[in-house]
Every structure is written in C-alpha cells, then in structure tokens.
Amino acid sequence: MINHVGLYRYLLMIGLWSVVYCVQAQVAIHGQVTTAGVPLGGVRVDARLAGTSALMAYSFTDGNGKYRLLIGQTGKIVVSFKSLSYEPVTKIIGPTLTDTLINIALITGGVERLQEIVVNAKRPYRRGRDTIELDVKSFLQGDERNVEDLLRKIPGLNIGSDGSIKIGEKEVEKVMIEGDDFFEKGYRLLTQNMSVQPLDKVQVLQRYSNNKHLKGIENSDKVALNLQLKEDSKNQWLGSVSASGTPFEPLFYQANIHVMNFGKRNKFYLLGTANNNGVDAVGSINHLLYSGQTGEPGQIGVGLTTPTLIDNTPDLPGFDYRRTNFNHDKLLSFNTIMNPSKRLKIKWLGFANPTKKTFYRNTVQEYDIEDIQFSYTEGYKLDKKINNYYSRWEMQYDVNSRSTLIYTGSLGSLGKYDNGALLLNGEGTTELSKMKGFLTNQLLTHTYKLSDNEAIVSSARWILQKSPLDYHIDQYYYEDLFQIKGISNVDQHAKNDLQYVGVTSHYVKRQQGGDFMEVAIANEYKNQTLVTDFILQREDGSQIRPSGFSNGINFRTNNTHIMTQYTVKRRKWELTPQLRAGFIQRDLRNDGIATSQNNWLISPSLSTKWLIHPKGKLEGELSFQQTSTELMDVAPNYFNTGVRNFVKGLDDMATLNNSAAVITYAYGNMLDKFFANFSFGHQTMFDYISSQRILNPNFNLTEKILLKDKKTMFYKAQLNYYVKLVNGNFRLDMGADFSAYEASIVGVGRRSIASSSYDYGLSFRSVWKSRLNIHTGSQIQIRSFKSDNQDKLKNTYSFLHFFFHVAKDIQAHMKNEAYHFGDFLSESPKTYFFSDLSLSYDAKKIKTKFNISAKNLFNNRQFRNAIVTDTYRAVTEYRLLPRYFALGINYNF
C-alpha cells in the first residue's frame, strides 16, 4: 500500500509532467502589426488549422499594434491578419515551431467590412468593435413582404411611418447590399421593395464613414446598415415577381418585379411596380433628388431646392395614408454599379414614375378669437398627376492608395398637375395648378490622405433648378379684399429659379492620443429668382393686377465662412469646441428697387461625451447660432399659396440669433435585454419670424413679422426591455414639446401663446417559440394651445397584431387598429376600428407563395381627424378605400 507521502509525491509528479506536456503542446504566436511604420491597433488576428475552417484562437492588436495567441500544437497553422480598409495578410507556420514571432506590415485597400467576433454561436447576433451582425433567420415570422417588414421586428431599430430607419435618435445614413450603396437616404426604394428571401445577415455599422479614406480619422457617430446575402444568392440573377388582385369589384391590383445580380465586380438592381391599392411607390423620391450627407467633411450645398409655393397634398397626422390614397402608381427603376478596374467604380441609377392620385376630404374650421368668430367649410376632391424622370450617375476613381476623385451628377424632369374640385363655404370652383420643372446637380469631390491620420477633402458643387408654376381658380372669393366686382376667375403665374455654386476644403487630423482636429473653408453663391404675377380676369376679358400682390424678386447671397473644431479625447470623455464664422453679402432686388446688407455670422458651440460606466454614455451640447433670412422670408409683396391664403415676407432682410442646449443619455445597446435613450433640450430664439394675420371666411392674409424671445423645450425617452418571463420585448416611448411665443391678428393685437404636446406609447412584441406571436400597444397624443382661452385635444391609437402558424407552411396575420378622438366641435367622440387579414401558403418546392388578403374588414368609408392650432380648430373627414378581398402570388427565383 502506498503511504500518504508517497501518494502526494506521485500526484505531484503527474501534475508536473502534465504542465510540461501542456506547455510543450502549445504554440505561442506573437508580434506587432504596423502600417507605413506606425503601429496599427484593432487588427483581428485569427489562427486556423491548415486545410480546415475551424477557428483555434483569435485576438486583436492593442494600441501598440501588439498581439499574442496561445494554441494547441496540432500541425500546420494558418494565421490571418484582417482590418477595415487594409489588404488582408495570411501566414503559415510549421508544426514544430512552438514560439513564433510574426511582424506584419499592412497596406491600405481591401474589402470595406468591419471586424467582428463571435459572442455566442447560438445567439442571433455577432458583436464586433464597430459592427453588430444580426442573423435574419432569428427574426423571420413568415409574413414579411419586404426588407422593411423584417427590420420592424428587430429590437432597437425604429421604423417610422414614412419608412425612415433610426437607431435611437440617429437616422441611418444608407442601407447597402454587400457593402455597396445605391440610393443613399433614398433607401426606402430598396427596403420597401426588396424581398427578404435572399438575405442572410443584417449588419449595423457604427461609427460609419461614407468616405473610405476617413475611416479611423474622422470623429464619426453615423450609423449605416449593410444587408448580406446568402452564399447561393451571390453572383447570379435572382429576384421575385408578385401580383395580386381582386376577383370582383371594387377592382384593386398590385404587381411588382424585383431583379438583382450582385457579383464581385458588377451589381444590378431592377425594380418595377404598379398598383392602385394605396401603396406609395416613390415615397422617398426627395431623398434622391436632393441627396447628400450633412455634417461631413467635403459636403456643401446639401438639400438646396427651390421653395414650394403651393402644395395641395393632404396632411394625415397619425393615420395610415394608404387607406385614403386612391391611386394609380407606376415606377420603373434601373440601377447598376460596375467596377471596370480596381481603381474605377461607376454607379448609375434612373427611374420614371408616372403616377395618379386622388384624395377626398371635407373640412370644417372654427375661428373663435375675441370678436372674430366664424366657421369655414370646404369640400375638396384632388386629382394629382406626377411625372418624374430622373437619372443619377457617379464615377469614383482611385488615383492611388491615398487619393480618390468622385464625380456625381444628376438630371431630372419633375412634373406635377393638380385638378381640384372645391366647394368653399357653399360656392364651388375648380382649382388648377401645373408645374413642369427641371433639376441638375453636379458635385466633384477629391480626397487626399496625407498620412494614416490626416486627410484633405475638397468639393465643388453646381445646382440649377427651375420650378415654374401656373395656378388658376374659376371663382372669385376676394370681393371683400379688393373691392372689385365683375371678376370671372383668378390666375397666378410664377417663375421660381435657383442657381448655386459652392466650393469647400476640409482638413482633418487624428492625433496619436485620439484627439481630433478639423478645419474647413467654404464659399457659397446663391442666385434665386421669384416672379409672381397675380391676375384678376374680368368677365369682359380684361385683366387687373392688384397693387401689392405681385413680386419680381432677384435675391443673391454670397457667403464665405470658416469652421474649426478640436476634440480633446481621453479614455472616458471627450470635449469638442467648435466655431463657425462667415461674412455674408446679400442683395435683394424687387421690380428694379435694390437693397443690400453685409454682415458677419458667428456660431460657436461646445459639445461633450462622457462614458459614465461601461453601458452608460452622456452627451451634451451648448450652441449659439446666427442665420440669415431666406427668399420666402423677404418677399416684399403678397403671393398666393392656395385658394384662401396669401403670404408676404418681412419688410427687410434680417439676422436671426438663437441659443440651444441639449443633453442625451444612452444606456446599453440594441443587444442588451434593457437599453434606453433619454434626451432633453431647451432653445431660446432671440429673434424669430412670426405672423400677423387678417382673417376672413373667404381669405387669410399672413404677413411675416420679426419678434423677440421665443422659447422652446422638449424631452424624449425610449426604453426597451426584454422580459424573459414572458419571452417578449416591451418598449416605452415618451416625449413632450413646449413653446412660448407671440403672434398677431389684425383687430385683436399681439397674442401670447403657449403650446404643448405630449406623446406616450407602450408596446409589446412576443418572441414565443410557438405557433402564435403578437405585437400590441397603445399610443396617446395630447395637443394644446393656450392664449385668451385654451384648446386641448386628446387622441389615442391602439393596435393588436396576430401572427399565427396554422400549419408548417400556412401562416395567418391579422392586423387590428383602433383610433379614438376626444370631444371636438360639438362632435361626439367616436372610435374607428380597422381590421386587415392575410393568409399565405408557402410552396417552398416551387419557391412560390400564395396569399389571400382582406382589407378594411369593417368597411369604414370615412375617417374623421381633428387638429388644433393657435388660430383655429378643425375636423377633417377623409374618404377611405372600401373593403376588398384579393388573391396574390409571389414567385422567387
């Protein structure tokens, strides 16, 4: 028998031999990664067994570019080094090397993908330094018609009623496919039409840079999405064809074709759609026409366009527009990205959309302000035709590894024709407006990377836009205004032109310790022409042009300004002072009379970020801003903006001053069980543009006036909490806005107005592992205006959606909604119920899905909406699309 001492010696010997054996059986791989002689941090280092894809170990280089791996000694080992914007490098070490030093020098280039690490193979996501990768299969419930339907089911992604995508309060910059972008912020054309069938992953790219040379240099907090395709969906033509229609009256239809091919060198995306069931085919067209990235080095002239004089499109706050949209929409779009060589990339997109829309509404407005008391009634049918033809092209040429030249050009023909049948206070008229516009936008950008941590971005942009407008009504409502009789109809012809030239250059630098510096200089020249000719047509054919109701304006501005900012960055906080200063020259000419004004505009700001704890970040900003008045603010005479409304600008040009403070706190992120965002802001407008109005049952005259000290305040909060007990995600949204300002009404005088709005919402989305899932919630909106008296309106909206797997390949989706408005204009409160149902069968063997759907099951034909403002209360009744049943088919190939 072995005694205790002998046993201990025996076990110790075994342990020592085990340690020696383990040490001898391990390979230590270490070294340093550099680029152009500078240490490179954040490089992913992978070790895999040669001939397999099994991952043995991984690591990231530290701030000095150093790394170390310990792996079991089993044979030849493949070590790879990967980092965004650098060419990957692979090394093979032999089976007998147990201590290996590998120093690597990376060169710029490679695939624009961000690094990632596996958090848990069973989880529906991967997390990297700048990337969150989501597994599409984990969020599919079977009823997804397009990519947008999928994104709505991902916690942390907020999809607006217009299709906009936000993460917290930040809207995504773009939605890419396999790293390439077609539509920039017009991504709704993609997300609302592309099928989810070929998707494998959705990547959320944080700290995203639109300019590849600025990655790691610019101080970016932008967010973008990248859609990754399944391996068997790449390098081949694929897509879907769908059609649906009603077998009997009322006749409704929808047809879509979506075809794409995403290869390594060339990418194609084709889209065709037509429908008359209320779906807006081109809801994001303006994001394409006036595209650009604001607040980014090298950008200038973003979002500039001619002002809108008359817009008859009805406003539907808080209601699904598709239920009121009697339409015939058509869209054809062809888009391609080609890479003729490694240095050259060519992108082209074009679309055409001849569209017809019809809206029906009846409105009652009630005015009750001291002695001014009257009601205005309007019955309106609007037939709108839209004919837009647009093309955009981009050429990107890499002069070398540090220099890129990008040219972007666009050309568009924009046509609108409105025909409205109007019943105003019992008198009928026909309202016609016609606009045949033209737009071209040319941008040239050059980026030169001076070193790994500094670059210069320079741009030049030219815009030319013409938006002429002809307006006509065949009834005369203005006898009390002009004291003229014998008028048969009224016309207004408008010339509305814009020409713009801007140049800028930005220098950006990232210091070794993380500090960031940016300096920019720019010059912008803008020439705007607005000629409005208001005509009263006599019954005998002669014309009268009332004094003070026509304009002949030429407004030119030249603005030279500089911007400088410096970010002091430490481990847990950063501080950024910024200064914008410029000299603006303004020249206003109206019918030969010229006035000019030259002055400085100075806008300083101070922002900070503080990482309070690993999951909590606090951001704040203080700013003072000076801006100048725009064209529509200085129009010296009245111009017509609709049947009842005339507007004129200030008596002179002005400079507007305001200060603002915003604080934001974010806890966690979209991968956590609990994450939240809170923000609070206050603004004082030392100078602001208000109005002085003359109110009449048949017309409103609005003159803009300059007043002092308008104060606004807001708060917003959003909380997301996954509760394991019920296997679902709760979301709470809260927000409020407050304003205190003044406005004037002739006959009443200046009024002090306090407005407030409150929004509350609570929703729950289940992720049950069963046949049934639900999405339910409720929202409350409260609006109020207080002056001599107080008007208050409370609206509620509730919904309950059922997702039910009837059988393996049969799914049902029922959407229920309820809208409720409070007492208003002597109307008893009413609740409107809507219910839609769809049943689908997925024949996977033939890649075809069959669908039966029913819309508006309760057959509501009218919907009444209520609003309050600081001058009137109103109820608007809209006509709705009737109940219908449709059969549909969708084929994927």
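Leu411 and Phe438 make their closest contact through CD1-CE1, 3.4 Å (heavy atoms, listed as atom of the first residue, atom of the second, distance). Looking at every heavy atom in both residues, Ile177 comes nearest to Lys267 through O-CE, 4.1 Å. The two residues Phe183 and Asp181 make their nearest non-hydrogen contact at N-OD1, 3.3 Å. The two residues Leu238 and Pro198 come nearest to each other via the heavy atoms CD1-CB, 3.6 Å. The nearest pair of heavy atoms linking Val147 to Ser195 is CG2-O, 4.1 Å. For the pair Ile463 and Gly301, the tightest heavy-atom approach, listed with the atom from each and the gap, is CD1-O, 3.7 Å.
The 12-atom threshold is not exceeded at NZ of Lys385, counting heavy atoms of other residues, nucleotides or ligands nearer than 6.0 Å. At most 12 non-hydrogen atoms from other residues, nucleotides or ligands lie less than 6.0 angstrom from NZ of Lys434. Atom NZ of Lys384 is surrounded by more than 12 heavy atoms from other residues, nucleotides or ligands within 6.0 Å. Environment of NZ in Lys416: sparse, with no more than 12 heavy atoms of neighbouring residues, nucleotides or ligands closer than 6.0 Å. The local environment of NZ in Lys436 is crowded, with over 12 non-hydrogen atoms from other residues, nucleotides or ligands closer than 6.0 Å. The local environment of NZ in Lys847 is sparse, with at most 12 non-hydrogen atoms from other residues, nucleotides or ligands closer than 6.0 Å.
Without hydrogens or angle criteria, Gln862 side chain to Tyr878 main chain gives no donor-acceptor distance under 3.5 Å. A donor-acceptor pair under 3.5 Å is formed between the side chain of Asn276 and the backbone N or O of Leu251. In terms of modelled atom types and a separation under 3.5 Å, the side chain of Ser233 and the main chain of Glu231 share no donor-acceptor contact.
Using cut-offs of 30° and 60° for the angle between ring planes, the His775 and Phe799 rings count as perpendicular. Aromatic ring pairs are classed by plane angle as parallel below 30°, tilted from 30° to 60° and perpendicular above 60°; the pair Phe182 and Tyr269 is tilted.
A side-chain donor-acceptor contact under 3.5 Å links Ser766 and Asn773. In summary, the side chains of Gln206 and Thr131 do not present any donor paired with an acceptor at a separation below 3.5 Å, with no hydrogens or angles considered. Between the side chains of Ser838 and Ser853, no donor N or O sits under 3.5 Å from an acceptor N or O. Remark: the Gln254 side chain and the Asn277 side chain contain an N/O donor-acceptor pair separated by less than 3.5 Å. Thr404 and Asp398 share a donor-acceptor pair across their side chains, judged by distance under 3.5 Å alone. A donor-acceptor contact closer than 3.5 angstrom is absent between the side chains of Gln811 and Asp842. Donor-acceptor pairing under 3.5 Å is recorded for the side chains of Asn275 and Asn327. Side-chain contact of Asp383 with Thr358: a donor-acceptor pair under 3.5 Å is present, judged by distance alone.
Counting only residues at least two apart or in different chains, salt bridge (Lys or Arg N to Asp or Glu O under 4.0 Å) contacts with residues 238-252 are absent.
The ring pair (Phe, Tyr, Trp, His ring centres under 6.0 Å) test applied to Trp237 returns Phe268, not counting sequence neighbours.
Within the model, atoms CG of Asp280 and OG1 of Thr355 stand 7.5 Å from one another, a figure rounded to the nearest 0.5 Å. Annotation: the span from Asp200 atom CG to Glu178 atom CD amounts to 9.0 Å, rounded to 0.5 Å.
Across Tyr321, Phe252, Tyr360, Phe359, a single residue satisfies ring-ring contact (aromatic ring centres under 6.0 Å, His included) together with Phe326, and that is Tyr360. Among the candidates Phe863, Tyr797, Phe858, Tyr819, the single residue satisfying the ring-ring contact (aromatic ring centres under 6.0 Å, His included) test with Tyr832 is Phe863.
A salt bridge links Arg323 with Glu817: the distance from a Lys NZ or Arg NE/NH1/NH2 to an Asp or Glu carboxylate oxygen falls below 4.0 Å. Salt-bridge formation is detected for the pair Asp180/Lys345: a Lys NZ or Arg NE/NH1/NH2 atom is positioned less than 4.0 Å from an Asp or Glu carboxylate oxygen.
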